[in-house]
A.B. asks: 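Following this message is one structure expressed as structure tokens.
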2 protein chains.
Amino acid sequence: MEEIDRAIVGALTADGRLSYTVLAERVGLSVSAVHQRVRRLEQRGVINGYTAVVSYEALDLPLTAFVAIRPFDPSQPDDAPERLRHLAEIDSCYSVAGEDFYLLLVRVASPADLERLLQEIRTAANVTTRTTVVLSTPYENRPPRIADTD
Amino acid sequence: MEEIDRAIVGALTADGRLSYTVLAERVGLSVSAVHQRVRRLEQRGVINGYTAVVSYEALDLPLTAFVAIRPFDPSQPDDAPERLRHLAEIDSCYSVAGEDFYLLLVRVASPADLERLLQEIRTAANVTTRTTVVLSTPYENRPPRIADTD
DNA sequence: GGTGAAAATTCATTGAT
DNA sequence: ATCAATGAATTTTCACC
């Protein structure tokens, strides 16, 4: 990816609602050229969409935790991500190397809700869980440095 | 937060570039009423901003890992998040309960870059690290269910 | 790939209810 | 808090380089 595309991606990760006018000024191109480049970045899958960044506290989900899971019976087919997908409290699901099979990031309203969620995870995916509660989040989901990829 | 605000937040987490016109249709309000509500949600800090969702593979950051860190000397003042903030490869930093002090989510181009990053983390914050490599990401950063908070 | 300009749409304010 | 109306700004498409 070349310089202008990197500048565009950088600007849109910092502010996903930037207008094409401002974007064009910032990268030194015409509005339509920028527009076309953004379209292409979206088509190529470099940009996968846009989201509002929300405060989980404001949404009454103040409790974040990591849940490491392991199958109760390792000989069974492993389809935990699909079995857990319906649980809206699960923010992210990572398949990991190491002792655990998956690492989940979950967000709930209270310890009681965390307890309920863990029970649901265990029964839905037939797994054991090891949970690490997040006490605070110094920073999260920072925009990546856009590297020289040409 | 009441029903319409929840609908607005839900819609904007799903598509952060939705126009106020479409948003207004979707929640059954006039454009200006929706506009005002979004303003208020932003002011109240429910919505903290907007970002483009980028593909880390496309940005040449295909390797994701979790890095658990512990101070080498637990009697020293603990300011690891600040000491590590300048490392752009660190996506997120969580202060956690449990054996570790912090859990970092990092994104790098290669194992060699991960090795370099771990050395930087250790020297910058005077910590030991335990790293868990992510093999695949079934899902990540899913929009939260917008709860009934009234 | 890029430009510029026209047409359609949307934004953002205002004032009334 | 909501609405309708307005001018300003933006998005989107198109012909051409």
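Chain letters run A, B, ... following the sequence lines, proteins first and then strands; every chain starts at 1.
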A.B. asks: Suppose we screen for salt bridge (charged side-chain N to carboxylate O under 4.0 Å, His left out). Which residues come up paired with D113(B), at least two apart in sequence or across chains?
C.D. replies: R116(B)
A.B. asks: For Q36(A) and R17(A), find the nucleotide of DNA chain C closest to each by heavy atoms; which residue's nucleotide sits nearer the 5' end?
C.D. replies: Q36(A)
A.B. asks: Write out all pairs satisfying ring-ring contact (aromatic ring centres under 6.0 Å, His included) with one or both partners inside residues 12-50 of chain B, taking only residues at least two apart or from two chains.
C.D. replies: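 Of all non-adjacent pairs touching residues 12-50 of chain B, those that pass ring-ring contact (aromatic ring centres under 6.0 Å, His included) are Y20(B)-H35(B).
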A.B. asks: Excluding sequence neighbours, so at least two apart, what forms salt bridge (charged side-chain N to carboxylate O under 4.0 Å, His left out) with R142(B)?
C.D. replies: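 If we apply the salt bridge (charged side-chain N to carboxylate O under 4.0 Å, His left out) test to R142(B), skipping adjacent residues, there are no hits.
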A.B. asks: Check ring pair (Phe, Tyr, Trp, His ring centres under 6.0 Å) between Y56(B) and all other residues, then give those that pass, not counting sequence neighbours.
C.D. replies: none
A.B. asks: Could you tell me whether the side chain of L104(B) reaches within less than 4.5 Å of the side chain of I69(B), counting heavy atoms only?
C.D. replies: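 They are in contact (side-chain heavy atoms under 4.5 Å apart), so the answer is yes.
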A.B. asks: Within the supplied structure, the quantity of interest is the number of heavy atoms (other residues, nucleotides, ligands) at a distance under 6.0 Å from R44(A) CZ; does it exceed 12?
C.D. replies: yes
A.B. asks: Do any N or O atoms from the side chain of R17(A) and from the backbone of L18(B) form a donor-acceptor pair under 3.5 angstrom?
C.D. replies: yes
A.B. asks: Using the side chain to side chain donor-acceptor pair (under 3.5 Å) rule, collect all pairs that involve residues 59-80 of chain B, keeping only residues at least two apart or in two chains.
C.D. replies: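 Applying side chain to side chain donor-acceptor pair (under 3.5 Å) to every pair that reaches into residues 59-80 of chain B, excluding sequence neighbours, yields T64(B)-R107(B), R70(B)-D100(B), D73(B)-S75(B), D78(B)-Y102(B), D79(B)-R83(B).
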A.B. asks: Could you give the CD-to-P distance, from Q43(A) to dG1(C), as a whole number of Å?
C.D. replies: 13 Å
A.B. asks: First and last nucleotide of DNA chain D touching chain B, 5' to 3', heavy-atom cut-off 4.0 Å?
C.D. replies: dA1(D) to dT11(D)
A.B. asks: Applying ring pair (Phe, Tyr, Trp, His ring centres under 6.0 Å), can you list everything that pairs with Y94(A), at least two apart in sequence or on another chain?
C.D. replies: F66(B)
A.B. asks: Strictly under 4.0 angstrom, non-hydrogen atoms only: write out the protein contact profile of nucleotides 12-17 of chain C, one letter per nucleotide from the 5' end, B, S or -.
C.D. replies: SB----
A.B. asks: Apply the hydrophobic cluster definition, ILVMFWY joined by side-chain contacts under 4.5 Å directly or through others, and give me every member besides F72(B).
C.D. replies: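 Hydrophobic cluster check, F72(B): no partners found.
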A.B. asks: For dC16(D) versus dG1(C), give the span between their C1' atoms, rounded off to a whole number of Å.
C.D. replies: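 Between the two C1' atoms, the distance is 13 Å.
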A.B. asks: Do E2(B) side-chain atoms and D5(B) backbone N/O form a donor-acceptor pair below 3.5 Å?
C.D. replies: yes
A.B. asks: What are the residues of residues 8-16 of chain A, sorted by number, that bring a heavy atom to within less than 4.0 Å of DNA chain C?
C.D. replies: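 Under 4.0 Å from DNA chain C: no residue of residues 8-16 of chain A.
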A.B. asks: Can you list the stems that DNA chain D is part of, where a stem is at least 3 pairs in a row, each Watson-Crick or G-U, with both distances below 3.5 Å?
C.D. replies: C:3-17 with D:1-15
A.B. asks: Which donor-acceptor pairs under 3.5 Å do the side chains of residues 132-139 of chain B make with protein atoms, sequence neighbours left out?
C.D. replies:
from	atom 1	to	atom 2	distance (Å)
Y139(B)	OH	P81(A)	O	2.8
Y139(B)	OH	R85(A)	N	3.3

A.B. asks: Give the intermediate values and the outcome of side-chain contact (heavy atoms from CB on, under 4.5 Å) for residues I90(A) and L105(A).
C.D. replies: CA-CA 6 Å; I90(A) 302 180; L105(A) 175 57; over 6 Å; no
A.B. asks: Does S30(B) reach a base, just sugar-phosphate, or nothing at all? Heavy atoms under 4.0 Å.
C.D. replies: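 Result for S30(B) = base.
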